Peer 1: 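Following this message is one structure expressed as structure tokens.
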Amino acid sequence: MFDYLYQLMWLVLHILVNVYETLHFLFLRFQATLLWSYDLQYNSTTITRRDRAFLQRCKAELTKLPRHLNIIIGTDPLARVNESVVARILLYAQIIGIDCVSLYDVRSELDGHILKEKLCKSSKSYWNE
């Protein structure tokens, strides 16, 4: 008798936890969709200007700034890193005032290896090798 009662309680608890996790996941997806649609109403120049102002405010509050940034891109298939993402990181580093950025991409060209030539063309920045 008590075994069936414990099994029933365990089943109810398991269902409640799964419902909670599902609702939490849906709430996070809804929140991400709202933030993404919020950015869709602005063009890239407005977003860049807003990001630049935010980073400059953050820079004013920092007591120490890094001098060198290492970006290491591994072979994780879930990571979707392309030239535009790295160009954006380079732009942010330039705004903050980081002088030296090292980029290591260990992926093959078939897996989306980032080429320096494409990066310089897409970022239009003045970074040296």
Side-chain angles (χ1 to χ4, degrees):
M1 175 72 181
F2 287 115
D3 290 338
Y4 293 119
L5 185 63
Y6 289 138
Q7 287 178 356
L8 180 66
M9 287 173 40
W10 178 254
L11 181 66
V12 169
L13 182 64
H14 186 68
I15 290 172
L16 288 175
V17 168
N18 281 333
V19 167
Y20 171 77
E21 287 180 351
T22 304
L23 290 176
H24 184 67
F25 175 77
L26 290 175
F27 174 73
L28 291 177
R29 290 291 97 206
F30 178 69
Q31 188 176 18
T33 305
L34 284 178
L35 291 174
W36 178 70
S37 64
Y38 177 75
D39 278 345
L40 280 181
Q41 63 185 343
Y42 298 109
N43 58 12
S44 63
T45 307
T46 307
I47 292 172
T48 304
R49 193 177 310 129
R50 183 187 64 195
D51 290 346
R52 181 180 299 268
F54 174 74
L55 288 173
Q56 287 174 345
R57 284 193 311 268
C58 289
K59 181 182 176 183
E61 296 175 8
L62 292 175
T63 57
K64 294 170 76 175
L65 285 174
R67 297 178 56 172
H68 189 163
L69 175 67
N70 285 321
I71 302 171
I72 303 171
I73 303 170
T75 58
D76 185 12
L78 298 177
R80 297 198 175 115
V81 180
N82 55 17
E83 285 89 8
S84 65
V85 172
V86 175
R88 208 165 163 189
I89 292 172
L90 290 177
L91 175 68
Y92 292 163
Q94 191 176 24
I95 291 169
I96 290 292
I98 299 173
D99 296 330
C100 185
V101 176
S102 300
L103 175 66
Y104 301 101
D105 192 357
V106 297
R107 300 177 295 182
S108 67
E109 289 188 22
L110 297 175
D111 292 333
H113 179 76
I114 295 175
L115 299 174
K116 182 182 67 170
E117 295 82 20
K118 287 183 180 179
L119 183 63
C120 292
K121 287 179 186 176
S122 67
S123 67
K124 299 177 185 174
S125 63
Y126 302 102
W127 292 89
N128 294 329
E129 290 185 25

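Every heavy atom of this structure was used, including side-chain atoms; hydrogens, water molecules and symmetry mates were not. On a predicted model such as this, the values are computed, not experimentally measured, just so you know.
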Peer 1: Under 4.5 Å between any side-chain heavy atoms of Val101 and Ile89, yes or no?
Peer 2: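 The answer is no; the side chains never approach within 4.5 Å.
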
Peer 1: Any idea which heavy atoms bring Leu65 and Lys59 closest together, and the distance?
Peer 2: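 Between these two residues, the closest heavy atoms are CD1-CE, 3.8 Å.
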
Peer 1: Would you give me the side-chain donor-acceptor pairs under 3.5 Å for residues 2-21, sequence neighbours excluded?
Peer 2:
residue : atom : partner : partner atom : Å
His14   : NE2  : Asn18   : ND2          : 3.2
Asn18   : ND2  : His14   : O            : 3.4

Peer 1: Nearest 0.5 angstrom please: Ile71 CD1 to Leu103 CG, how far?
Peer 2: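 With rounding to 0.5 Å, CD1 (Ile71) is 5.5 Å from CG (Leu103).
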
Peer 1: Is there a chain of hydrophobic side chains (I, L, V, M, F, W, Y, each step under 4.5 Å between heavy atoms) that links Leu62 to Ile98?
Peer 2: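 Looking at the clustering, Ile98 is in the same group as Leu62.
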
Peer 1: Indicate the atoms forming the closest heavy-atom contact of Val86 with Ile73, along with that distance.
Peer 2: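 Looks like CG2-CD1, 4.1 Å.
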
Peer 1: Are the side chains of Leu69 and Leu90 in touch, meaning some heavy atoms are under 4.5 Å apart?
Peer 2: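 Of all side-chain heavy-atom pairs linking Leu90 with Leu69, none is under 4.5 Å.
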
Peer 1: Below 4.5 Å, heavy atoms only, C-beta onward: do Ile95 and Asp51 meet side chain to side chain?
Peer 2: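 Answer no - side chains too far apart.
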
Peer 1: CZ/Arg29 to NE2/His24 distance, rounded to the nearest 0.5 angstrom?
Peer 2: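 Interatomic distance, Arg29 CZ to His24 NE2, rounded to 0.5 Å: 10.5 Å.
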
